[in-house]
2 protein chains.
Amino acid sequence: MAQLFSKGQCHGIQPFIVQLRDEESHMPMKGIVIGEIGNKLGMNGVNNGYLGFEKVRIPRKNMLMKNAKLLADGTFVKPPSQALTYGTMMFVRVIIVRDTALHLAKVATIAVRYSCVRRQSHINPDQPEVQVIDHLTQQYKLFPSIARSIVFKLTSDNLWEMYNQVTSELDHGNLERLPELHAIACCLKAVTTADAAKSVETLRMACGGHGYMTCANFYNTYGFVTATCTYEGENTVLLLQTARYLIKVWNQALKGQPLGPTVQYLNSFIQSRNNRHAWIDTVPGIVKALQTVAAGKLRLANEHVEQRKKAGYTHEEAVNLTSLELAQTAEAHCRAFLVQSGHEMIEKLCQRVSPALAKVMRTVGELYAYNEALDSIGNLVRFTTISESDINRLQSKLESALLAIRPNAVSIVDGFAIPDMLLGSPLGAYDGNVYERLYEEAQKSPLNKEPVNKSFQLYLKPFMRSSL
Amino acid sequence: MAQLFSKGQCHGIQPFIVQLRDEESHMPMKGIVIGEIGNKLGMNGVNNGYLGFEKVRIPRKNMLMKNAKLLADGTFVKPPSQALTYGTMMFVRVIIVRDTALHLAKVATIAVRYSCVRRQSHINPDQPEVQVIDHLTQQYKLFPSIARSIVFKLTSDNLWEMYNQVTSELDHGNLERLPELHAIACCLKAVTTADAAKSVETLRMACGGHGYMTCANFYNTYGFVTATCTYEGENTVLLLQTARYLIKVWNQALKGQPLGPTVQYLNSFIQSRNNRHAWIDTVPGIVKALQTVAAGKLRLANEHVEQRKKAGYTHEEAVNLTSLELAQTAEAHCRAFLVQSGHEMIEKLCQRVSPALAKVMRTVGELYAYNEALDSIGNLVRFTTISESDINRLQSKLESALLAIRPNAVSIVDGFAIPDMLLGSPLGAYDGNVYERLYEEAQKSPLNKEPVNKSFQLYLKPFMRSSL
């Protein structure tokens, strides 16, 4: 990707294909400065490099001209829509959401299995130390991540369908739903990767000191997951992309224009004259409540942008000064979508599984929704009629969902069917032989190859004998 | 530490000193199985080991008997107070809070300096790309961590004074304030380490892909900081320790007994008949509001424990079933203390510095308080009279505090006076030569030692020539 200048004008970044090394010798081509950037927090198998060009000429035909074009006379031909370049980026973001779900399933499997083997602390003092999974605080660290993993996976399926539909419309020249898909893909990538990164660390810490060991395989997974918060669109930048779309459609909705499916709730919000939403603590009720939160926050953010413009700031300055609220609005929009999509996809699944499995799946969806609602409690109080006793009831529903998942937790992660080789963790193997496997892993340490390290004779013993 | 059994009775864990290796040969003593546990996420300079005893006899005199004692005839003598064993643990926790502040100061320095050098995205489209520190979202990632670092450091000084006072009272046989100190040290260790670990990652991600590089030194610091969430009392366990104390003093307060300084607000809460606290958006007002939140959550948690006991659960089972609320209560108690302590220590400092510096320090304290208040907005709405317009005003005060810190941010981190050698990051050096230093660091990669890696001739070239 490079800035394209033609006839003295800049046409923004465009994609080019450039030969960097000689086919015979593999030496860098003339004018190319190339190298590896060094170690990273993770993903060291990927050899990220630095690249410099010094007086390098790239023939016009090396520009990838599917969308934008450069004619032989230097005339620049714009793509039919600026949004077309977003196609591949959207595809990659859909994939990231799916991969994030899979990483999360992996670490949830490890942490849940470990928590059934590990015993620590008594609940009743006259009884033995319990499996740590019996502590409610431990369940709260484990089970929401199971739910997240499932909801993210189902939402990525949902998004994948949307993506295919929109790209097939695209092939027929219909660009209408592209901005909407771009907006939802941006915030989903941002929110799921941020939540997943946090979850990996919560799950690791739920395994205490053992989770801290490299062989436990949390850290390696964290390296992958946290990287996704930065690459393919940094998360804050993506949230602000979504917010820009939301501001645009908010103003369309104010004019009474109908909106696409992911933002239709803004039409309803405006029709209801911004009234506080009547709280109902079912999952569909929570979806509506979270949509009201997103709409309410969007109304405020839009007002604050307008106020700042009236105070003399340019539109862009006003947006920057309101960017905290804008990013939060995009996040609220995304969380409402996730709860809704999780709920709808689970209900669809439930139609073709046994009633027993459907019951478990629904509890998982409920846990996800209750947890999201309690995490947004400040916003719910601001924008819905939720009362103090509603909040206490919601807390108790969350606790009941945790206790209901407890007997099924191991079966659920077994259902992810991730083989030991992929889990790659002594803490999470199917046989549950945590301590035997940890001991085996420790034997691989070079320091354990001999009973006394040579440093004793070389340094420690003379030092102990010295008169220091 | 090992379980002490005497005359068939278990007396819990007691400290012993045991010889593990032979002084001459350094070979493990008979019956000792010892080794290194292998690589960890961080702190690999510490050789954590595993240890097994097989028929090892430990002489009675090897027990460390400052507090509990074992007489020659096997009689166990209890320590004057169970809490005495907590002494060293408390000392270590005070030190952890201080170290956490220093780690945070280090990474805040790196991220702030980098954010002044790095330019990305336009604010006004007709002007050049701005220093990333000019994006409000970036300020929100950077400046609260500066404030946290300062407030944590001042609070650790505060805690250090309390610790010295209580231990000197201890030497005179006065154990009265020990449980209170234990309770505040537990939750401070838990909350500051958890917040700091999150902050390190926020600051790293604020440096984008460059933050992801090992040489940026965020990851190494994260390894230290996140470890403190687990060692010296796992954070959730510590919060529940604090909650146990709070439940105890809550019931004392209900009986009208006066409480120690860190929990005196519970007396006021009960005297005010649990009324909603009148919201005032000054820092002392926020302290009072957060104390009301802690008291209100404590009242609820205590009620829920009692309800569960009435429903037939044992006290311990009821506590486990209420543990999510109990942990949140301890956290709320701690956050109120942090804002209060930060405020009081800053005001004390302001009396002996220039008015200009005092103004900056106060803005830092305000930013910390506004940020904590907005993070607790759900609780504030539940337990205080804060209104929708108060919330919007608070948000705008937070934004103003960020903008006020912007011109002073570099000077503040320069004021931490951490030498480049300790920062150990090309992103954060005092001279700001980020790109030159990154390039230098990259040259250290073994892959850059030769222009063409031998793998080309060995594998890649034959592969490219093959008919595959």
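Labels below follow one simple rule: chain letters A, B, ... track the order of the sequence lines, proteins then strands, and each chain is numbered from 1. What you see is a predicted model; the values in this text were computed from it and never measured.
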Problem set entry | B:T322 side, atom OG1; A:L136 side, atom CG - distance, nearest 0.5 Å | 8.5 Å
For this session: Sort B:V33 into side chain, backbone, both or neither according to what part of it lies under 4.5 angstrom from a heavy atom of chain A.
Result: side chain
For this session: Go through the atoms of B:D134 and report whether side chain, backbone, both or neither lie under 4.5 Å from a heavy atom of chain A.
Result: backbone
Problem set entry | Within 6.0 angstrom of B:Y435 OH, more than 12 heavy atoms from elsewhere | yes
Exercise. So which of A:K444, A:E234, A:Q139, A:E399 has the biggest tally of heavy-atom pairs under 4.5 Å with chain B?
Worked result: A:E399
Seminar exercise, completed: Okay, A:H315 and chain B: the region with an atom under 4.5 Å from a heavy atom over there is neither
Exercise. Is it the case that more than 12 heavy atoms not belonging to B:K454 sit under 6.0 Å from its NZ atom?
Worked result: no
For this session: With a 4.5 Å cut-off on heavy-atom pairs, point out which of A:E316, A:H26, A:K40 contacts chain B the most.
Result: A:H26
Exercise. What option among B:C229, B:A227, B:G209 has the most heavy-atom pairs under 4.5 Å with chain A?
Worked result: B:A227
Exercise. What part of B:A216 is in contact with chain A, defined as an atom under 4.5 angstrom from a non-hydrogen atom: side chain, backbone, both or neither?
Worked result: neither
Problem set entry | chain A contact via B:L380 - side chain, backbone, both or neither, heavy atoms under 4.5 Å | neither
For this session: Let me know if B:L239 has heavy atoms under 4.5 Å from chain A in its side chain, its backbone, both or neither.
Result: neither
Seminar exercise, completed: When the 4.5 angstrom heavy-atom criterion is applied to B:I37 and chain A, the contacting part is both
For this session: Considering only heavy atoms and a distance below 4.5 Å, find which of B:Q138, B:M205, B:K198 pairs most often with chain A.
Result: B:M205
Exercise. Between B:H135 and A:S323, is any pair of side-chain heavy atoms under 4.5 Å apart?
Worked result: no
For this session: Tell me, out of A:M464, A:K461, A:Q457, A:Q443, who's got the most heavy-atom pairs with chain B below 4.5 Å.
Result: A:K461
Exercise. Measuring heavy-atom distances to chain A, does B:S25 have an atom under 4.5 Å in its side chain, in its backbone, in both, or in neither?
Worked result: backbone
Exercise. Heavy-atom distance under 4.5 Å to chain A: side chain of B:E201, backbone, both or neither?
Worked result: side chain
For this session: Identify which part of B:H122 has an atom lying under 4.5 Å from any heavy atom of chain A, answering side chain, backbone, both or neither.
Result: neither
Exercise. Relative to chain A, which of B:G42, B:G208, B:S121, B:A327 shows the most heavy atom pairs under 4.5 Å?
Worked result: B:G42
For this session: Under 4.5 Å heavy-atom distance to chain A, tell me which part of B:L438 shows up: side chain, backbone, both or neither.
Result: neither
For this session: Give, as side chain, backbone, both or neither, the part of B:I391 having an atom under 4.5 angstrom from any heavy atom of chain A.
Result: side chain
Exercise. Hey, which of B:L324, B:L447, B:L326, B:L460 has the most heavy atom pairs under 4.5 Å with chain A?
Worked result: B:L324
Problem set entry | Heavy-atom pairs under 4.5 Å with chain B, option from A:L321, A:L398, A:N39 with the top count | A:N39
Problem set entry | Heavy-atom proximity to chain A below 4.5 Å, by part of B:E317 | both
Seminar exercise, completed: Here the pair of heavy atoms bringing B:G38 nearest to A:S445 is CA-CB, 4.1 Å
Exercise. Given B:L300 and A:Q395, is the side-chain contact (heavy atoms from CB on, under 4.5 Å) satisfied, shown in steps?
Worked result: CA-CA 12 Å; B:L300 282 174; A:Q395 174 70 27; over 6 Å; no
Exercise. Do A:Y212 and B:T226 have side-chain heavy atoms sitting under 4.5 Å apart?
Worked result: yes
Problem set entry | Interface moiety of B:K141 toward chain A, non-hydrogen atoms closer than 4.5 Å | side chain
Exercise. Counting heavy-atom pairs under 4.5 Å to chain A, which of B:I377, B:N448, B:T230 comes out on top?
Worked result: B:N448
Exercise. Which one, A:E24, A:R465, A:M43, leads in non-hydrogen pairs under 4.5 Å with chain B?
Worked result: A:E24
Problem set entry | Side chain to side chain, B:N48 and A:M213, heavy atoms closer than 4.5 Å | no
For this session: Side chain from CB out, backbone as N, CA, C, O: work out which of these in A:S376 comes under 4.5 Å of a heavy atom of chain B, or both, or neither.
Result: neither
For this session: Look at atom CD of B:E23 and say whether more than 12 heavy atoms of other residues, nucleotides or ligands are closer to it than 6.0 Å.
Result: no
Problem set entry | Within-4.5 Å side-chain heavy-atom neighbours: A:Q127 and B:T314 | no
Exercise. So which heavy atom on B:E36 is nearest to which on A:A442, and how close?
Worked result: O-CB, 3.6 Å
Problem set entry | Part of B:E441 within contact of chain A (heavy atom distance under 4.5 Å) | neither
Seminar exercise, completed: Only residue of A:T236, A:N320, A:V237 satisfying side-chain contact (heavy atoms from CB on, under 4.5 Å) with B:T137 is A:T236
Problem set entry | Heavy-atom contact with chain B under 4.5 Å, split by part of A:L240 | side chain
Problem set entry | Top contributor to chain A interface from B:Y231, B:Y222, B:F456, B:Y50 [non-hydrogen pairs under 4.5 Å] | B:F456
Exercise. Do the two ring centres, one from B:Y219 and one from A:Y219, sit under 6.0 Å apart?
Worked result: yes
